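One structure below.
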Amino acid sequence: MSDGAPVGRRVLLGMVGLGALGVVFGPSLQDAEQRLLAPVQNHDPTGLSGLVPDGGGFRFYSVTASVPNRTVEDYRLTIGGLVDHPATLRIADLAAMRQTTLVRDFQCVTGWRVPKVHWSGVALADLLDAVGVKPSAKAVQFSSFDGAYTESLSLAQARRRDILVATGMLGQPVTHDHGGPVRLYVAPMYGYKSCKWLGGITLAGQVTPGFWEDQGYDVDAWVGRSNGRDDATTS
Amino acid sequence: MRPRPETRRRAAPGQLLRATLTERWVHRSFGLLMGVCIATAAILYIGPLSIAVGRRSTVEWVHVISGAALPLPILIGLASRAFRADLRRLNRFSPVDWEWLRSKNRRSGRLPVGKFNAGQKLNASFVTGATLVMLGTGLIMRFANAWPVRWRTGATFVHDWIAYAIGIVIIGHLFFATRDPEARQGMRTGAVPEAWARREHRGWAEEQVAAEAADDASPPG
């Protein structure tokens with residue numbers, strides 16, 4: 001019979017041991033890896049750096065079967081609910097408003113972080129002032145034109161200057177995959193608050209938990225102070 | 001007399017029995033589940049595929065279910081004596097295996113290789129170990145709230161890297177299979193040509209021929 005050293009068992013146990021060590025020391029290894037790769041991530045025309053596991057860069061969590069393509073021409077943002085002047089805005093209308101730019105890290109609640117992302121667009125606060133918020137409004141609800149995704153902020157949160165209705169990202173128009181042509185960017189909160197493919201903004205009497213919040217994530221998603229995480233703040 | 005499950009059924013002339021029906025079933029089910037895991041992992045992980053397919057919750061559900069089911073074919077297979085005997089063969093490294101790994105002309109038929117060569121043994125133990133690590137880290141990610149956040153990050157890190165390693169090893173496995181029609185016949189029908197066995201697994205071929213001869217000599221009873 002094939003006697004001899006039980007090499008198979010040793011390989012197996014060795015891998016389980018390495019796996020356990022990896023779970024314990026993985027976070028430090030991952031930080032080192034991302035520091036190394038971060039400089040190339042945002043400006044990598046080949047996209048190859050995205051193939052390195054946990055190497056950084058954006059990941060794409062699309063929740064519906066497909067998202068319709070909206071061009072600059074046929075895009076519309078509807079603003080309604082408890083406002084004085086309900087509006088339907090085109091890209092050109094947004095471009096005509098006061099522009100705000102931000103350079104902030106993008107932190108996902110699952111752990112990945114993209115450093116120093118350049119964002120541009122209209123500050124949500126400016127947009128709210130333009131349509132006029134009724135005194136009874138307490139929250140702002142966002143819906144995606146993917147047909148499923150929803151988010152919301154309290155009115156106090158929504159008035160911060162670091163929340164954008166973004167039309168530019170990384171120095172160019174927001175691409176479809178990144179949620180373009182128009183997406184929300186909530187700098188101080190985890191990525192799931194930054195509703196992609198923004199289609200509608202509704203002023204309402206109360207905050208309603210959004211898509212991921214129905215699945216257990218925190219509604220007040222401050223980076224470093226929610227979801228049991230202790231990441232460095234982003235804004 | 002000690003039962004010899006592999007010789008109870010007779011192969012056609014010039015053929016040797018290599019895998020029982022149970023073993024082939026275990027191989028196929030494990031392969032199918034692993035294939036589903038890899039396909040759904042690709043959708044969850046590779047940006048353009050994630051965008052094209054979407055439906056993240058459904059894809060995640062399929063991935064988790066097929067991953068959790070991966071050990072089942074192995075556990076069910078343990079009921080088979082032939083499968084347990086092969087696990088033992090895969091586990092043990094004989095002096096021939098070490099020589100096979102060092103040899104530059106390992107496929108010349110010079111070495112009396114057993115039923116599995118050293119490469120197949122390492123493949124089997126790597127995939128088993130990797131599957132256990134994936135199950136453990138997958139469990140941590142699936143029930144994320146039960147563990148410290150750092151464990152969750154660490155589990156994701158390990159899960160992602162081992163996924164790449166598994167992918168590379170499986171590509172190698174399939175590559176060797178495409179170049180070896182007799183081995184594929186063995187996994188499909190259970191029997192392999194004796195000439196192939198004498199070339200690739202001489203030690204096992206001789207052992208098997210002797211066992212069948214012994215079976216012929218003594219009537220079953």
Side-chain angles (χ1 to χ4, degrees), chain A residues 1-31 33-34 47 50-55 57-67 109-112 146 148 175-178 211-212 215-216 227-231, chain B residues 44-58 85 87-98 114-116 118 121-122 124-126 128-130 132-134 136-137 140-141 144-145 147-164 203-204 207:
Chain A
M1 274 303 287
S2 50
D3 279 320
V7 171
R9 189 189 305 153
R10 287 177 197 160
V11 168
L12 190 154
L13 292 176
M15 290 202 53
V16 171
L18 272 179
L21 282 178
V23 169
V24 174
F25 294 106
S28 325
L29 290 170
Q30 185 172 338
D31 288 348
E33 183 192 347
Q34 293 191 354
L51 293 174
V52 180
D54 301 300
F58 285 92
R59 295 194 195 177
F60 302 91
Y61 300 144
S62 180
V63 298
T64 57
S66 68
V67 182
V109 71
T110 61
W112 54 270
D146 73 358
T175 63
H176 176 77
D177 288 359
H178 281 303
F211 183 88
W212 288 116
Q215 304 192 24
N227 295 294
R229 298 189 60 90
D230 59 357
D231 308 286
Chain B
L44 292 172
Y45 203 93
I46 300 172
L49 280 178
S50 307
I51 294 281
V53 177
R55 298 180 176 86
R56 197 160 183 89
S57 312
T58 313
L87 282 190
R88 186 184 141 74
R89 291 172 188 268
L90 286 166
N91 180 27
R92 298 279 168 177
F93 251 56
S94 70
V96 170
D97 291 318
W98 296 112
K115 184 165 186 180
F116 305 107
K121 291 179 181 182
L122 287 178
S125 34
F126 170 82
T128 313
L132 288 176
V133 173
M134 294 307 257
T137 50
I140 293 177
M141 289 190 285
N145 294 328
W147 328 88
V149 174
R150 281 184 67 81
W151 284 30
R152 213 158 78 198
T153 311
T156 312
F157 181 79
V158 172
H159 206 82
D160 291 354
W161 275 99
I162 301 280
Y164 269 63
W204 171 72
E207 187 188 308

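Each chain gets a letter, A, B and so on, in the order its sequence line appears, and its residues count up from 1. In what follows, every heavy atom counts, from backbone to side chain, and hydrogens, waters and symmetry copies are set aside. Since the model is a prediction, treat every value here as computed from it, not as a measurement.
- Looking only at heavy-atom pairs under 4.5 Å with chain B, the residue among A:Leu29, A:Asp146, A:Asp230 that has the most is A:Leu29.
- Using a 4.5 Å cut-off between heavy atoms, A:Asn227 contacts chain B through its backbone alone, with no side-chain atom that close.
- Scanning both residues, A:Ser28 and B:Arg150, for their nearest heavy atoms gives OG-NH2, 3.5 Å.
- Summarising the geometry of B:Thr153 relative to A:Pro27, their closest heavy-atom pair is CB-CG, 4.2 Å, with the distance given to 0.1 Å.
- Atom-to-atom distance recorded for B:Arg92:CZ and A:Arg9:CZ is 6.0 Å, nearest 0.5 angstrom.
- For B:Ala130, the parts lying under 4.5 angstrom from a heavy atom of chain A are both the backbone and the side chain.
- Here the straight-line distance linking atom CG of B:Leu90 with atom CG of A:Leu12 works out to 11.5 Å at 0.5 Å rounding.
- Here the closest heavy-atom approach between residue A:Ser62 and residue B:Ser50 is recorded as CB-O, 4.1 Å.
- Most heavy-atom pairs under 4.5 Å with chain A, from the set B:Thr137, B:Val96, B:Leu49, B:Val53: that is B:Val53.
- Interface residue A:Val24: only backbone heavy atoms are found under 4.5 Å from chain B.
- Per-residue counts of heavy-atom pairs under 4.5 Å with chain A were compared for B:Val133, B:Leu44, B:Ile162, B:Ile51; the largest is that of B:Ile51.
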> Run the side chain to side chain contact (heavy atoms under 4.5 Å, CB included) check on B:Ile140 and A:Val23 step by step: do they pass?
Replying inline: CA-CA 10 Å; B:Ile140 293 177; A:Val23 169; 4.2 Å; yes
